[in-house]
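Structure record follows, encoded as structure tokens.
If you're wondering where the values come from, they're calculated on a predicted model, not measured in any experiment. Protein chains get the first letters and strands the later ones, always in sequence-line order, with residue 1 at the start of each.
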Amino acid sequence: MQTIGQQLINGLSLGSIYALLALGYTMVYGIIKLINFAHGDIYMLGAFWGYYVINVLHFSFIAAMLSAMLFCALVGVIIEYCAYRPLRHSPRITALITAIGVSFLLENGMSYLFTANTRSFPQVIKTVTYHLGSLQISNVQLLILGTACGLMLLLELIIKKTTMGKAMRAVAVDPTAAQLVGINLNHTISFTFALGSAMAGAAGVLIGLYYNSIDPLMGMTPGIKAFVAAVIGGIGSVPGASLGGFIIGILETAVQAIGLSAYKDAVVYLVLIVILLVMPAGIFGKNVKEKV
Amino acid sequence: MSSPLLTATQLVKNFGGLNAISNVSVHFDQNELIGLIGPNGAGKTTLFNLLTGVTPVSAGTISLYTDHGVKTVNGQTPAQVAQAGVSRTFQNIRLFKELTVLDNVRIAMTNHYHEGFISSLLRTPKFYRTETAMTVAAEKLIAIFDLSAVADQPAKNLPYGVQRRLEIVRALATKPKLLFLDEPAAGMNPEETADLTRLIRQIQQDFHITVVLIEHDMSLVMTVVERLYVLEHGALLAEGTPREIQQNPAVIKAYLGGDA
Amino acid sequence: MRTRLKANLVWAGLMIFGFILIDGLEFAGIINTFIENMLVTIGINVILAIGLNLIIGFSGQFSLGHAGFMAIGAYATGIITPTITTIGGFYLSMFIGVIIAIIAALIVGIPTLRLRGDYLAIATMGAAEIIRLLINNLKITNGAAGIFNIPALASWATVYVIMCITTIMTVNFIHSRSGRAIMAIREDEIAAEAMGLNTTRWKLAAFVFGAATAAVGGSLHAAYIQTIAPSDFNIMASIAILIIVVLGGVGSITGTFVAAIVLGALDTILQNFGTLRMIIYSLALILIMIFKPAGLLGTWELSFKRFNRQEVADHE
Ligand SMILES: Nc1ncnc2c1ncn2[C@@H]1O[C@H](COP(=O)(O)OP(=O)(O)OP(=O)(O)O)[C@@H](O)[C@H]1O
Ligand SMILES: [Mg+2]
């Protein structure tokens, strides 16, 4: 029982990182139907930003995370403007390949500029482990969970309450109609990229703190996992992305805990396939049937 | 009384809370030309979708009288229904847009010309024989509908009216016994409509098939069909010869009256 | 009849000419091992990408799991040929690889092919990763370390001939009843079904055929490179094949050839740029996509005849 509780804590911490990342995938997909392959690399940029501002400029953790969010938001907007906007009316597969190109560019650009070496993330917050009965939880885990949940709530509020959020939802449903009622498509899409990338930036700093190591290719695998999380939750759905992230985080830790760590990714993909077969549009996704 | 081809009893279709079709029973006999009319949203297209397996029925049975006896077709896939001899056109044209007119027609013949997978990969004489026979048959059908000149054009390049005609050719290419035409004359001018109607009548007789026709142009339907069904709000309002329908008080009130 | 024969002769002539050209240049010493390596890589990439183009471009099913089937072919050869070190053993291993890939494609395809668009892509990607992770953890495949010293049973000539055969087969597939059926499903699945096409069956046919060609490519890769590891067949490997397809033009076999050659040449030229190589490559990719969104050739095909119409004219 005690290990189950412990794994749940670990799984939730990891899952909240996936959830933060999945939000970016799901929002961008919801609005322009693009699998933004470079999203995982934005998270890597966030981690590197955190690394430098803490090491060189001696930022506090909070300042590092907020500035990373800002920086990543900016990068996200620039990427959309330069690489995806020209392709808005092209076949979707073209935009996907471009996103893959951007991902390669970020990974290799960072490797070129800062070498491909792994480096250890500065531990701005001294890890303290609390004991709750037989369970252990560290302050970093609490911080990750708390920050992630806070950000997700904030995002939900932005989407539900602000004008920009409403515009986002309108564009996701019907871009043409949204434009007809006076919504600026370009601004809305830029805003979506900014929001999603900011979440990724925060996730990057948090993961640096949690795993204590970063490298230019660190975004690849979590990026794909987070996308899988978004699909499981029902791509386009914000609560779905959070749920999907937690499901994958918990699943991974659970499989590891029962000694099958070699098959941890295989289990994630198997669950993905099974969920899609039962719910072809994910847990919260709407399966739209074509009207004949 | 000729022999039956398809009978549907007590069909029901609900979309969520909406009762699109309620307790509709129809029967189509061999070599008949039947009209299906009703105001917008009456459920005509939905009835076609049920009868062709595109939409599953909520309740009711559909029986098809084939050479191999009576077959219950509800619950079967659209492909199975089509293979049993039921074909159709779509109200909102659904051609294979990027493919040529010839290919559109040949695709509909897929199940009648078995060239063999391996022999098509290896290009055996059998492949060429089958392919040629199929193409010749397709060309013939295309010629009947005056489409030979555009046989090599992608379907998307054709004018609207021609696309509708191509949909009929494609449906005929599956060698149906029963053909459903969903507003084949929509968007055509009166002259084109009259031509098309004559053509439909002619193919119905030449190919010895049963044709069920949804059409809004009443004058047209009345002159060409032998029998009519009138749908309103998903229920059957009347059935009979054009003359009977024209004199049916309920129809006049609900439909013709509304128009006049 | 005559046009068909003529066109086929032109194609056959072209293939033989290509063979003699490479052979001559090889003999004259102009093609060194470095360039031969590039040519073989291009050939194998053509085989892999043509199969994927059949699935994506012609049947309209977005598969992201091609490397999984490639891995099956590669490991069949990697496991069997060290024991049976003959040419016969190589072809046997390729055959077995193809059979296993077909079975795997059926297992993956039957349930997943009813998914649409990106959902299918992500499901096939997951399936390919599962295949790779199994290989990564099995004893017979030597786990993550992979297999070394695989007998060199495939020369450039083997790759060339098999590339030609695969291309012919794929083109024959496309220009047949099956090809038209899968394109109809791509254009409008509902209409295709209403015309009596069993859509699942046809989609599966294209998917399985593509998987089989991927296994052939994998088998050649193992026998030529002589070293394989599970990481050679990860998601990035599937994406590399996808890039060839999209760059050349989704739905153009000629485009697949052009893209495989362009990328192969680019890769060879960029070898001299060291670490800048991947940066230039990714920039090139982004720019080509922005300026040529339909790929280098769109859906254009090189053709020496107008088969179908002529055929009928000849017949009448
Ligand atoms: N797939 C569906 N989901 C929900 N409602 C549907 C669906 N298909 C049809 N309906 C509803 O069923 C009713 C009947 O529609 P249908 O298209 O059959 O009418 P119709 O008689 O063909 O009309 P029209 O003359 O305009 O073509 C309409 O209210 C329509 O909105
Ligand atoms: Mg209708």
Does [Y] offer a backbone N or O that forms a donor-acceptor pair with the side chain of [X] under 3.5 Å?
X        : Y        : result
B/Arg123 : C/Asn172 : yes
C/Arg177 : B/Thr110 : yes
C/Glu187 : B/Glu98  : yes

Selection from B/Glu115, B/Arg88, B/Met109 maximising heavy-atom pairs under 4.5 Å formed with chain C
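Highest number of pairs under 4.5 Å: B/Glu115.
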What pair of heavy atoms forms the shortest contact from [X] to [Y], and how long is it?
X        : Y        : result
B/Gln83  : C/Gly196 : NE2-O, 2.8 Å
B/Leu121 : C/Met169 : CD2-O, 3.5 Å
B/Phe127 : C/Ser176 : CE1-CB, 3.8 Å
B/Phe90  : C/Ala194 : CZ-CB, 3.7 Å
C/Ala191 : B/Phe96  : CB-CE2, 3.9 Å
B/Ala82  : C/Met195 : CB-C, 4.1 Å

Taking the side chain as every heavy atom from C-beta outward, state whether B/Leu99 and C/Met183 have any atom pair closer than 4.5 Å.
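Side chain of B/Leu99 against side chain of C/Met183, heavy atoms only: contact under 4.5 Å found.
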Side chains of C/Phe173 and B/Ser120 in contact at under 4.5 Å (non-hydrogen atoms)
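Answer no - side chains too far apart.
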Under a 4.5 Å heavy-atom cutoff, which of C/Ala205, C/Gly179, C/Ala192 has the most pairs with chain B?
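Winner by heavy-atom pair count: C/Ala192.
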Give the C-alpha distance, both sets of side-chain angles, the deciding distance and a yes or no for salt bridge (Lys or Arg N to Asp or Glu O under 4.0 Å) between B/Arg94 and C/Glu189.
CA-CA 10 Å; B/Arg94 304 189 78 114; C/Glu189 191 160 345; over 6 Å; no
In this structure, are over 12 heavy atoms from other groups packed under 6.0 Å from B/Phe145 atom CZ?
yes
To the nearest 0.5 Å, tell me how far B/Ile93 CD1 sits from C/Asp188 CG.
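Reported to 0.5 Å precision, the distance equals 12.0 Å.
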Heavy-atom cut-off 4.5 Å, strictly under: side chain, backbone, both or neither for B/Tyr113 against chain C?
backbone
